[in-house]
Structures are given as C-alpha cells and as structure tokens.
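Here is the structure we will look at.
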Amino acid sequence: MSGAVPEPRILPYSRVVAQDELKLALELHHVVPRIGGVLMAGPRGTAKSTLVRAFALMAHGELPVTLPINATDDRVVGGWDLDALIRGEPRPQPGLLEDAADKGLLYVDEVNLLDDHLVDIILDVAATGVLSVQREGLDTAKYLSFGLVGTMNPEEGGLRPQLLDRFGLMVTAETLDATARHLLLRTVLDFELELEREDSAWLSAARRDDARTRDRLTAARRRVRDVDVPDHVLELCARAAERTEAVGQRGEIVAVLAARALAALEDADRVTPGHLRRVLPMALRHRRPEAVHGDTFDWEPDDEARLQDLFEV
C-alpha cells in the first residue's frame, strides 16, 4: 500500500467558475499581505470555501489552516500539551496561528459566528505580525506572518463594526446567471470524472494554468515595492473616501495598497486612477456609514455615481 498522501479533491483554482472579484481580492492580498485580510460575504453555496481552499493549494501548495467555530483561546494562540503536563513534562503546544504561519493562510469560515474576543486576537496578530502570550506560566512573543480570509453569510448575523473595519478588503459573492450556472455544472461534472483517470489531460492543463498564476503572483510580490504611487492618485483616493463618507482612514490606506498590488500584477510601473477605481469598492464598501450599521454591503450604482466625475479624464 502506498504511503503517499492523496491529493485533496478540490477544484483547481483556475477552473473555479466566475467570482472574479473574490479571486482578485485574494490575489491582491497575497501580493501585499499588509492589506490585512479579506472578508467574503454571501449566501451559503456560493463557492466561497471552495475558492479559498483552491487558492491556498495554488499559492501555497497546501490547504489553509481552518479555524473551527468552537475554537478555544488555547487552540488559537497555543497553550500547554495536556498529556505531557499530566506526566509532569511542561511542554508548550503551538496554536492554530502558528500552524497558519507555517502553511501561509488562515481560513475562518462563518467569522461572524465566532466569539468576538477570538476574532479580535486573530485580526490583531494578522495586522501586527506579533503573537504575544502571557498567561498560565507562558510568557512568549513570536513573529508570525500569514494571510487571513474570513467568510460570512450576512443573513446569519453581522460582525461588530470595529472588527469589520479591521478586515482590509471586503468582497461579496456574485449571483450566477444561467450561463454561468451551466458552465459551473459542466466543470464540476468534468472534474469528478477526470479525478478517476490516471493521466488526465484536463487536470494537467488546470495544474499548468495554476502554476502560471502562481508565477504571476510571485513576480508581482517581488516588484510591488518598485511600483510608484503618484500624488494625484493619493489625492483621488482621499476625495473618494470623503465622497463615500468612509468611516476612519483605514479604507483609503488599504485602497492605495490594493491599487499598488493590482498595478504590480499587471506589470505596470506606476499606479493609475484606473487601478484605484477598480479596488475602491473592496476597500470602502464595509466602511460606509450604512454598512457599519449593518444595512447593506452592496456597492450600488449610487456609489459609482458619487465617484464618476472624479475619474473622468
């Protein structure tokens, strides 16, 4: 019997149908982790989890570390190995945040149902890169770096505004039309069939496409620091935040980081107003007053109208 670990039955990232905004947010965050996490909102069954897992396999070669809904403080930040402790051997046990640093990505499904205290800890470590534990005989500080993706179904409850704001980007899953639903069904059926083949040309082509995306992301990460951000783009960003009444200043900072990542992905030397325009909904939609109060996360035509003349040539 072979001891090889079977390959996860996850649709390759390059074959996930539609959800282009979700994909773009994941890629921007991968290029510039300082963006501070991605929050995906949408009803159940809209491929959010599939997409996150497919992205992790493509970008990191492993599935993400997934936080269970009933996770405890010890499980998240680490504690003592209880079995060893019973034997009189005090041995620290790493938590899920350290596992995420090893594997590259932490995935929190239904983050809105998680205890606020834990969400606060996770967001703090993701933003600062420092895990500090001082309790029950533990006094440690470690530097950790990992990507963070949370998903939520707004129909099942909201997220406190303070926590909502700390996710860098927020995207909403799109509702597929009949054409896209047809393509999705065809793709899923083909994938299930091809998994049974020993030498699948379909899977080989998907893996090659995933490898090209991974190479593009790696190249963008290398060059993003060299991408210039002109002052007139910063001014546009500030005015856009003012027009949309964005709460706080985190939104415009994230918007500029995301626009810079997009420019790097597109092999541009400088950020243009076009780059900024494309990322603004992701950076500002959850920081508008109506979203902060839990009314809606949708980016409506009225929001576009408020920005229209700013970006006209």
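Hydrogens, waters and symmetry mates play no part in the numbers below; they use all other heavy atoms, side chains included. Note that the structure is a prediction, hence the values are computed from the model and not measured.
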Nearest heavy-atom pair of [X] and [Y]: which atoms, and what distance?
X	Y	result
Phe311	Pro273	CE2-O, 3.4 Å
Asp165	Arg250	OD2-NE, 2.9 Å
Leu159	Val111	CD1-O, 3.9 Å
Met152	Gly157	CE-O, 3.7 Å
Thr151	Leu39	N-CD1, 4.3 Å
Val271	Pro230	O-CD, 3.4 Å

Are [Y] and [X] linked, directly or through intermediate hydrophobic residues, by side-chain heavy-atom contacts shorter than 4.5 Å (ILVMFWY only)?
X	Y	value
Leu57	Phe55	no
Val77	Leu123	yes
Val16	Ile10	no
Phe146	Leu63	no
Val17	Val188	yes

Residue pair Glu21, Glu174: steps toward the side chain to side chain contact (heavy atoms under 4.5 Å, CB included) verdict: CA-CA 8 Å; Glu21 190 181 39; Glu174 64 181 294; over 6 Å; no

Parallel, tilted or perpendicular, as decided by the 30° and 60° cut-offs, for the rings of Phe191 and Trp202: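 Geometry flag for Phe191 against Trp202: tilted rings.
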
Test side-chain contact (heavy atoms from CB on, under 4.5 Å) applied to Ile253 - qualifying residues, sequence neighbours left out: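 Testing Ile253 for side-chain contact (heavy atoms from CB on, under 4.5 Å), a comparison that skips the adjacent residues, returns Leu257.
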
Between the side chains of [Y] and [X], is the shortest nitrogen-to-carboxylate-oxygen separation below 4.0 Å, so that they form an ion pair?
X	Y	answer
Arg212	Asp215	no
Arg44	Glu155	no
Glu266	Arg278	yes
Asp109	Arg53	no
Arg306	Asp303	yes
Asp190	Arg186	yes
Asp269	Arg223	yes

Side chain to side chain contact (heavy atoms under 4.5 Å, CB included) assessment of Leu176 paired with Gln19: CA-CA 9 Å; Leu176 304 188; Gln19 306 301 354; 4.2 Å; yes

Are any non-hydrogen side-chain atoms of [X] and [Y] less than 4.5 angstrom apart?
X	Y	value
Leu262	Val31	no
Arg75	Asn70	no
Ser14	Arg208	no
Leu284	Trp299	yes
Val108	Val119	no
Arg221	His30	yes
Val76	His117	no
Leu24	Asp20	no

Which residues share a salt bridge (charged side-chain N to carboxylate O under 4.0 Å, His left out) with Glu242, sequence neighbours left out: none

Residues Val256, Val233; criterion side chain to side chain contact (heavy atoms under 4.5 Å, CB included); working and verdict: CA-CA 8 Å; Val256 169; Val233 171; 5.7 Å; no

Evaluation steps, side chain to side chain contact (heavy atoms under 4.5 Å, CB included), between Tyr13 and Lys23: CA-CA 9 Å; Tyr13 181 72; Lys23 293 175 186 172; 3.2 Å; yes

Using 0.5 Å steps for rounding, measure from the [atom1] atom of [X] to the [atom2] atom of [Y].
X	Y	atom1	atom2	result
Leu51	Leu22	CG	CG	5.5 Å
Leu105	Glu62	CG	CD	11.0 Å
His286	Leu163	NE2	CG	11.5 Å
Arg285	Leu169	CZ	CG	10.0 Å
Leu67	Leu96	CG	CG	5.5 Å
Lys48	Asn153	NZ	CG	6.0 Å

Step-by-step salt bridge (Lys or Arg N to Asp or Glu O under 4.0 Å) determination, Arg277 to Glu304: CA-CA 10 Å; Arg277 182 67 181 269; Glu304 285 294 314; 2.6 Å; yes

Neighbour count >12 (heavy atoms, 6.0 Å) for atom CD, Glu192: yes

Donor-acceptor pair, side chain of Thr213 and main chain of Asp209, under 3.5 angstrom: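 Yes, the answer is positive, given that a donor and an acceptor are paired below the 3.5 Å cut-off.
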
Short side-chain to backbone donor-acceptor contact, Asp177 and Thr179, under 3.5 Å: yes

Worked verdict on Asp120 versus Arg166 for salt bridge (Lys or Arg N to Asp or Glu O under 4.0 Å): CA-CA 9 Å; Asp120 202 34; Arg166 292 178 64 184; 2.6 Å; yes

His275 side chain to Thr272 side chain, donor-acceptor N/O pair below 3.5 angstrom: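 Yes, a side-chain donor-acceptor pair sits under 3.5 Å.
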
